[in-house]
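Each remark here refers to the structure printed beneath this line.
Below, read A as the first sequence line, B as the second, and so on, with proteins coming before strands; counting in each chain starts at 1.
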Amino acid sequence: MKNIQIIANNTLKNYNNITNLSTGSAVSVSGKLAESKGSGQKWEVIAKTVEILSVAPETYPLQKKRHTDEFLRTIAHLRPRTNKYGATFRIRSELSYAIHNFFRQKGFKYIHSPVITGSDCEGAGELFRVTTLALDNLPFKDGKTDYTNDFFGKEANLTVSGQLSAEMFALALGDVYTFGPTFRAENSNTSRHVAEFWMVEPEMAFCDLEGNMDLAEEMIKFLTRFVLEECSDDIELFAKYVDKSLIKTLENVASSDFKRLSYTSAVDILKRSEKKFEYDIDWGRDLQTEHERYLTEQYFKKPLIVFDYPKTIKPFYMRLNNDHQTVAAMDVLVPRIGEIIGGSQREERLEVLERRMDEMDMPKENYWWYLDSRRFGSVEHSGFGLGFERLLMLITGIGNIRDVIPFPRTPNNIEF
RNA sequence: UCCCCAGUAGCUCAGUUGGCAGAGCAGAUGGCUGUUAACCAUCGGGUCCGCGGUUCGAGUCCGUGCUGGGGAGCCA
């Protein structure tokens, strides 16, 4: 879809009204598609009739000029009418389709994981509480909120991940994926975080970390190539106005082999580098954003997969490696964005999983159904989470996550 | 949540040691008409983010609050 010019000749009955049209007005035009005499366009419409549906008054906030993203964010209900945001949300739609297309051709089944969950399944992050209790008159028992009369009879939250659900279905249907909204109540104020975002989470049975990394790389390359081929008009707009090097970057992502290195090697490289970091690097500490960006942007200059992280900085469900020090985790890091995928091979051995949960003081009774999957016909399996908005940032060159989602939700911002 | 920066016309911004509030674009009016985030002329347009303070005098200095941006943490 592109803009098209309408030629309104002064022979039209309502020509005078047409000359009074303002930016933002709505018209219905019928006429003849003709080869354009003007330059810079191939086609134009010679109008036979121009019906004026509504004339926008001069208070219409959008002008025929460049606006800042910050301003457009304050009129998020009107910004999809601009060229840039129109292109953004067309690509968002195409990319959603491409994700389903990718998985379908590989035989994955699409699972609808629940949005409301009964427990904090990953033990990670702040949760949004779901309740029908009157918040100005909460029932208490033993000094704590009493949920027995709440809708579900227990504490409920919005999901932070569909992973545990997906694991159950991977152990039933084989390869599966989820693609849906995810909620984090973190007080994060960055250009890479929103409270409500969409996540793609494949989960594969009979698959180890190697296969997991293969899928992550194949998927990002497929999606990048798809957009380069299917959305070239819109991509050109971003290459022109947002990021001049965009197409080169995307072609680099689509064609280069992602560098794979272990956390331990990553730490070695960082320690040997002459670069001064704000945070010291030491085995056992998590890689900071500055470390990740150095590796992917300066050292390797291409996407990078770091694997086998220390178990102390990763969640309970990741598979313990034979060294008993690291787990089979992997993060995909890309230039500019940093972490775009986080995943792991899952701990399929019941005893090891239970021991890990004990070490981390987790209430195993809450996870009885999760542990059942290891009790009955457990097999090795792996999966990851891809931040859909972060992928869109990579693909469009847009620098703020709030500008690739229709109505962004961030701390203190729920307008629209 | 922490650190840094900013808030002046509808939008993007300038504003000198503290001394009468400015430009471009947009808008309105007229002209022009092969244009695409066009051209020419004229005109209108302000709670200088809010509150408090210093001063003869504050857009400018100080305090505080709010909002936005950049970076960090948390992560996708």
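Atom C1' of nucleotide B:rG27 and atom CG of A:L21 are separated by 16 Å, given to the nearest angstrom. In this structure, CD of A:E44 is placed 12 Å from P of B:rU35, rounded to the nearest angstrom. At whole-Å resolution of the value, CE in A:M330 and P in B:rA76 are 11 Å apart. Rounded to a whole Å, the CD1 atom of A:I7 is 8 Å from the C1' atom of B:rU35. Remark: C1' of B:rG70 and CZ of A:R402 are 11 Å apart, rounded to the nearest angstrom. The separation between A:N189 atom CG and B:rG73 atom P is 14 Å, rounded to whole Å. Rounded to an integer number of Å, the gap from CH2 of A:W198 to P of B:rC75 is 24 Å. Distance CZ (A:F183) to C1' (B:rC75): 16 Å, rounded to an integer number of Å.
Using a 4.0 Å cut-off, no side-chain N or O of A:R192 falls inside it from OP1 or OP2 of B:rG71. Phosphate proximity of B:rG73 to A:T289: present, with a side-chain N or O under 4.0 Å from OP1 or OP2. Distances shorter than 4.0 Å separate some side-chain N or O of A:S191 from OP1 or OP2 on B:rG71. Between A:N400 and B:rG70 there is a side-chain polar atom (N or O) within less than 4.0 angstrom of OP1 or OP2.
For the side-chain contact (heavy atoms from CB on, under 4.5 Å) criterion with A:F238, the lone passing option out of A:I395, A:T396, A:I247 is A:T396. The one candidate from A:K109, A:H100, A:E203 that meets the side chain to side chain donor-acceptor pair (under 3.5 Å) condition with A:Y177 is A:H100.
By the side-chain contact (heavy atoms from CB on, under 4.5 Å) test, A:S28 pairs with A:E51, A:L53, sequence neighbours left out.
Nucleotides B:rU47 and B:rU64, compared at atom P, are 27 Å apart to the nearest Å. Nucleotides B:rC2 and B:rG10 are separated by 36 Å at their C1' atoms, to the nearest Å. One P atom belongs to B:rA6, the other to B:rG53, and the distance between them is 25 Å to the nearest Å. Annotation: B:rU55 and B:rG19 have their C1' atoms spaced 12 Å apart (nearest Å). Going from the C1' atom of B:rG45 to that of B:rC25 covers 14 Å, rounded to whole Å. For the P atoms, the distance linking B:rA14 with B:rC61 amounts to 14 Å, nearest Å. To the nearest whole angstrom, the two P atoms, one in B:rG15 and one in B:rC20, are 16 Å apart.
For A:K259, the NZ atom is loosely surrounded, since the number of other residues' heavy atoms within 6.0 Å does not exceed 12. A:R104 CZ: 12 or fewer foreign heavy atoms inside a 6.0 Å radius.
Here B:rG63 sits opposite B:rC51 as a Watson-Crick or G-U wobble pair (both hydrogen-bonding atom distances under 3.5 Å). When both distances must be under 3.5 Å, the Watson-Crick or G-U wobble mate of B:rA26 does not exist. Shown here, B:rC56 forms a base pair with B:rG19; the pair counts as Watson-Crick or G-U wobble because both key distances fall under 3.5 Å. Of the nucleotides present, none pairs with B:rG46 by Watson-Crick or G-U wobble criteria with both distances under 3.5 Å. Figure legend. B:rC2 is base-paired to B:rG71; pairs are counted as Watson-Crick or G-U wobble with both atom distances under 3.5 Å. B:rA37: no Watson-Crick or G-U partner with both key distances under 3.5 Å is found in any strand.
Interface remark: the A:Q288 side chain does not form any donor-acceptor pair with the B:rG73 base, using a distance-only criterion of under 3.5 Å. Scanning atom types as modelled, no donor and acceptor separated by under 3.5 angstrom connect the side chain of A:S188 and the base of B:rC75.
Here the CG-NE2 distance, from A:L333 to A:H291, works out to 12.5 Å after rounding to the nearest 0.5 Å. Note that the NZ atom of A:K48 and the CG atom of A:N9 stand 13.5 Å from one another [nearest 0.5 Å].
One side chain, A:S161 or A:E201, offers a donor N or O that lies under 3.5 Å from an acceptor on the other. Side-chain N/O atoms of A:W283 and A:T264 include a donor and acceptor closer than 3.5 Å.
Among B:rG27, B:rG68, B:rA76, the nucleotide with an atom closest to any side-chain atom of A:T23 is B:rG27. Minimum atom distance to the side chain of A:Y279 is reached by B:rA72, of the listed B:rA72, B:rA37, B:rC75. Of the candidates B:rG73, B:rC75, B:rG27, B:rG27 carries the atom nearest the A:E58 side chain, counting heavy atoms from C-beta on.
With the nearest nucleotide of RNA chain B identified for both A:G342 and A:N413, A:N413 has the one nearer the 5' end. Of the residues near RNA chain B, A:Y241 and A:Y15, the one whose nearest nucleotide (by heavy atom distance) lies more toward the 5' end is A:Y15.
Residue ring and base: A:F388 does not count as stacked with B:rA76 (centre distance below 5.5 Å and interplanar angle below 30° not both satisfied).
Note on A:I341: only backbone sugar-phosphate atoms sit closer than 4.0 angstrom, heavy atoms only; bases stay farther off. Using a 4.0 Å heavy-atom distance criterion, A:V194 is classed as a base contact.
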Nucleotide by nucleotide, nucleotides 6-14 of chain B touches protein heavy atoms under 4.0 Å in the pattern (B base, S sugar-phosphate only, - none) ----BBS--

Please test A:S262 against A:S265 for side-chain hydrogen bond (donor to acceptor under 3.5 Å, both in side chains), starting from the C-alpha separation and ending with a verdict. CA-CA 5 Å; A:S262 68; A:S265 325; 2.7 Å; yes

